[in-house]
2 protein chains.
Amino acid sequence: MPVSDHAAPAASAVRRGRPGYDQRQILEVAVQVFIDHGYDATSVASLADRLGLSKSALYHHYPSKESLLEVALEEALGSLEGVLVGPEARRGAASERLGVVLRGAIDVLVDKLPYVTLLLRVRGNSDVERRALERRRAFDHEITALVRAAQAEGTVRADIDASVATRLLFGMVNSVVEWYRPDGPESGSELADQVLKLAMDGLRVR
Amino acid sequence: MPVSDHAAPAASAVRRGRPGYDQRQILEVAVQVFIDHGYDATSVASLADRLGLSKSALYHHYPSKESLLEVALEEALGSLEGVLVGPEARRGAASERLGVVLRGAIDVLVDKLPYVTLLLRVRGNSDVERRALERRRAFDHEITALVRAAQAEGTVRADIDASVATRLLFGMVNSVVEWYRPDGPESGSELADQVLKLAMDGLRVR
DNA sequence: GTCTATAAAGAGATAGAC
DNA sequence: GTCTATCTCTTTATAGAC
């Protein structure tokens, strides 16, 4: 049974000839199908059809439909959690750390768009999903603490509850998965600029 | 076959004795179960169990699982569309109309929380879902036009694309369904205040 | 690494009695 | 208005050949 969870070993993105798919390619297709039709509404048969494989061939690569989900969610959560442990996110004024973390989250969202999209649609229907939700909650709590610290510093307005502000902030950030496409007009960093502008300074003309 | 789509006739919220459920009560339970487990992951059997009914009894009230979804989505979409046709939303400066519409949308979201929650999770898996998505898109386009008009007026900043701003704005607003609970600390109108403050003036201290 | 065939369970929906 | 029993199709997953 395959399903190793390490990152791809450096720069070997090219396929070694051969007939079939490798785990990563299958995962990418599966995640896209999960996004298009919903995880629950996607049957293993339709997944196999989309890959041009039989169900059995697919089961050779992943032991279950849910294992595909699990690996995909790990990809998103691992990257998001990585934003919090970077050096820039751990030193300096709270408002600056908040900016770094927000921009980092948007970068991850853009970089791992399908994986994060899938993560954001998880509702806790199974143990795998509930574990993912738990990690999301932990992530949110760290951001809330950062917002609270920035309020104490006096750099972030204190007339909105830190927890509400964080949820609204990430509601805005996360909604990007609903419409942003990397091949569209704006780059990921331009997008991050616009989101940060709106989040920090609001819609109104000053 | 029942499934009438008119609103409840005035003030008859009380049940007429009798054994079972009426359409509205069944709908409310169904929508909550759809939200908890996802529409696709909810079986008619589990729905019937939750209601304490047999599947057949449930099919007496609604002709299909999807008809429940359809009625629920109509409830959300009709209310949202109603925000755009109110008198306050149709006269005055664009920035004021935008404020009225935003607040109206938040009010609907709070008032019809489960129905709007369900609407926001629809991904276009069937004709019913695709029709709902189409109506959501039309709603969004009207808001975008309003943002554009406010930019032309000079009351809304023009350095963010109107379409991007609208999407981010409603990303923030819509994310409220993920955490707001009417029985919690803040009322719907307090919530609307906080959302509008953050959306209009941003997170940063002035 | 891929296939066909199949098992076993669950899905949405219906029939017909009470 | 509710029930039990059942139909038919689809589901996830496995067996075993190539």
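By convention in this document, chain letters (A, B, ...) are assigned in the order of the sequence lines, proteins followed by strands, and residues within each chain are numbered from 1. Note that this is a predicted model, so its numbers are computed, not measured.
For the pair A:Leu58 CG and C:dT4 C1', the computed distance is 16 Å after rounding to whole Å. Rounded to an integer number of Å, the gap from B:Tyr62 OH to C:dG12 P is 17 Å. For the pair A:Asp22 CG and C:dG1 C1', the interatomic distance rounds to 13 Å; values are reported in whole Å. The separation between B:Leu51 atom CG and D:dG1 atom P is 15 Å, rounded to whole Å. If you take NE2 of B:His60 and P of C:dA13, they are 17 Å apart, rounded to a whole angstrom. Atom pair A:Asp49:CG and C:dT4:C1' shows a separation of 14 Å (rounding to whole Å applied).
Sorted by first and then second residue, the pairs that involve residues 156-168 of chain B and meet salt bridge (Lys or Arg N to Asp or Glu O under 4.0 Å), not counting sequence neighbours, are A:Lys197-B:Asp159, B:Arg157-B:Asp159. Listed by first and then second residue, the salt bridge (Lys or Arg N to Asp or Glu O under 4.0 Å) pairs involving residues 94-108 of chain A are A:Arg103-A:Asp193 (not counting sequence neighbours).
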Per-pair distances, 0.1 Å, donor-acceptor, side chain in residues 26-38 of chain A, under 3.5 Å, sequence neighbours excluded:
from, atom 1, to, atom 2, distance (Å)
A:Gln32, NE2, A:Asp36, OD1, 3.2

| task | Represent DNA chain C in dot-bracket notation, 5' to 3'. Only Watson-Crick or G-U wobble pairs with both distances under 3.5 Å count; pseudoknot-style crossings use [ ] and interstrand partners use |. | result | ||||||||||||||||||
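The salt bridge (Lys or Arg N to Asp or Glu O under 4.0 Å) search around A:Arg90 returns none, not counting sequence neighbours.
The shortest distance between side-chain heavy atoms of A:Asn174 and B:Ser175 does not fall below 4.5 Å.
Other residues, nucleotides and ligands contribute more than 12 heavy atoms inside 6.0 Å of the CZ atom of B:Arg137. For A:Arg181, the CZ atom sits in a packed shell: over 12 heavy atoms of surrounding residues, nucleotides or ligands are nearer than 6.0 Å.
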| note | Counting primed atoms, P, OP1 and OP2 as sugar-phosphate and everything else as base, the B/S/- map of nucleotides 4-18 of chain D against protein heavy atoms under 4.0 Å is B------SBBBB---
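Taking CZ of B:Phe139 as the start and CG of B:Leu119 as the end, the distance is 10.0 Å to the nearest 0.5 Å.
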